[in-house]
**Student:** 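After the structure tokens below, expect a handful of questions from me.
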Amino acid sequence: MTATAPVAVSDLDPFSTDFLHNPYPAHAALRDAGAVVRLERYGIWATARHAEVRAALHDPEAFCSSAGVGMADFRKEAPWRPPSLLLEADPPEHTRARRVVAGVLSAAAMRRLADTFEAAADEMVAGLADGRTFDAMPELAVRYPMRVFSDAVGLPSEGRENLLHYARMVFNTFGPRNELFTTAIAENASTREWIMDHCRQEKLAPGGMGAEIHTRAAAEGFTPDEAAMLVRSFLSAGIDTTVHGLGNALLCLAQHPGQFALLRAEPDRARAAFEEVLRFEAPVQTFFRTTTRPVELGGTTIPAGEKVLLLLAAANRDPRQWESPDTFDISRRATGQVGFGFGIHACVGMAMARLEGEAVLTALARHAAGIEHDGPPRRMLNNTLRGLESLPLRLTTPS
Ligand code: PQP
């Protein structure tokens, strides 16, 4: 027996309504309780500190993904849908799947999309910047990715709303079987059918990214059904993440007019500003890993076969890593923020997310003199995503 420090325990529930409404005080309590904390309610482990979140993500052999990246342990309970070949996989299988998807989302591919994405953002924001009140969630944060992402993938116009419903369900099912989880999977048979149907090659426009997944997957030796599963990853991941990235960006800028003034004076700050949004209000708050062997993390030895909750959003505000972490500051270097994860599973779509964020923030800097609230924002609660349901805004115009 090796002596280890007593294990820090907490009775906090990171998936309770209170926690999800405002996670930041509880994040601080979890960080201060210990580098690694036992969450008694669920019989799982958690870390809210930057160094330990990074360390776990850096060691995919000991902290695996194939047992699920939500609270459910696929070794003990059947997953609610066939596991993802990308997200819920380990090397060597993960490596092959990642190669296909990374090829489609390459830097060269993003350069080909940039003009279209920028023009769409400019047009959409210009149309809103006339001093009237609008709800920035449906009218911008949802509408923009729904158009540019779905067009890029090659999805038909009809039925796109299924992408939103499906993603909300997927992200709720990474949590425990609370009401958010059970409600999410209860009502959605037709959404699941639409999604699975639109993963097939016949449904994806030639020349689009969905069709390209099929081509690249076939070349990599995947069957058509497996290729469809890789498209499913695209459709699961591509909308709600950026919807809430953009929504959170609009919220941050409305709440920090001085920061918007900085952006407006120098629109070249758009990319850095979006990165700071992801640090400050990470749309994807958490992911789990499962230990494959007894492994030391932050001075605690976690046994094999245990679920470990990585609080990405808490790591992004860890004062051990960041100066004034609770200050939204677009001038800081937010690189090292773990909203996109880190290591072999780091977000494969991050270049597209950044392209969308940069395009919308640049358009705002160009067309709006100010971003003002015109009513209270309303939160959308989800076991994994942090974002808004409604965000009434007014964009003032240059006088
Ligand atoms: C945050 C893959 C990635 C992307 C899947 C899947 C689902 C969600 C995500 C989460 N994701 N950014 O089903 O393969």
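Ligands are counted one by one from 1 in listed order, and the atoms in each one are counted from 1 as well. All values derive from a computational prediction rather than experimental measurement.
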**Student:** Protein N/O near ligand 1 N/O, under 3.5 Å, which pairs?
**Tutor:**
residue  : atom   : partner : partner atom : Å
ligand 1 : 13 (O) : Arg81   : NH2          : 2.7
ligand 1 : 14 (O) : Ser84   : OG           : 2.6
ligand 1 : 14 (O) : Ser233  : OG           : 2.6

**Student:** Examine Arg192 relative to Tyr166 and say whether NZ or CZ is less than 6.0 Å from the centre of the six-membered ring and inside a 45° cone about the ring axis.
**Tutor:**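 Cation-pi check for Arg192 and Tyr166: fails.
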
**Student:** Before accepting this row, confirm whether a basic side-chain N of the pair Arg49/Glu52 lies closer than 4.0 Å to the acidic partner's carboxylate O.
**Tutor:**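 Salt bridge: no.
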
**Student:** Taking only residues two or more places apart in sequence, or in another chain, which ones meet Pro82 in a side chain to side chain contact (heavy atoms under 4.5 Å, CB included)?
**Tutor:** Met229, Arg232

**Student:** Between Phe174 and Phe287, is the ring centroid distance below 6.0 Å?
**Tutor:** yes

**Student:** Do the charged groups of Arg293 and Glu306 touch, with an N to O distance under 4.0 Å?
**Tutor:**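 No, this pair does not count.
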
**Student:** Less than 4.0 Å between a side-chain N and a carboxylate O, is that true for Glu281 and Arg386?
**Tutor:** yes

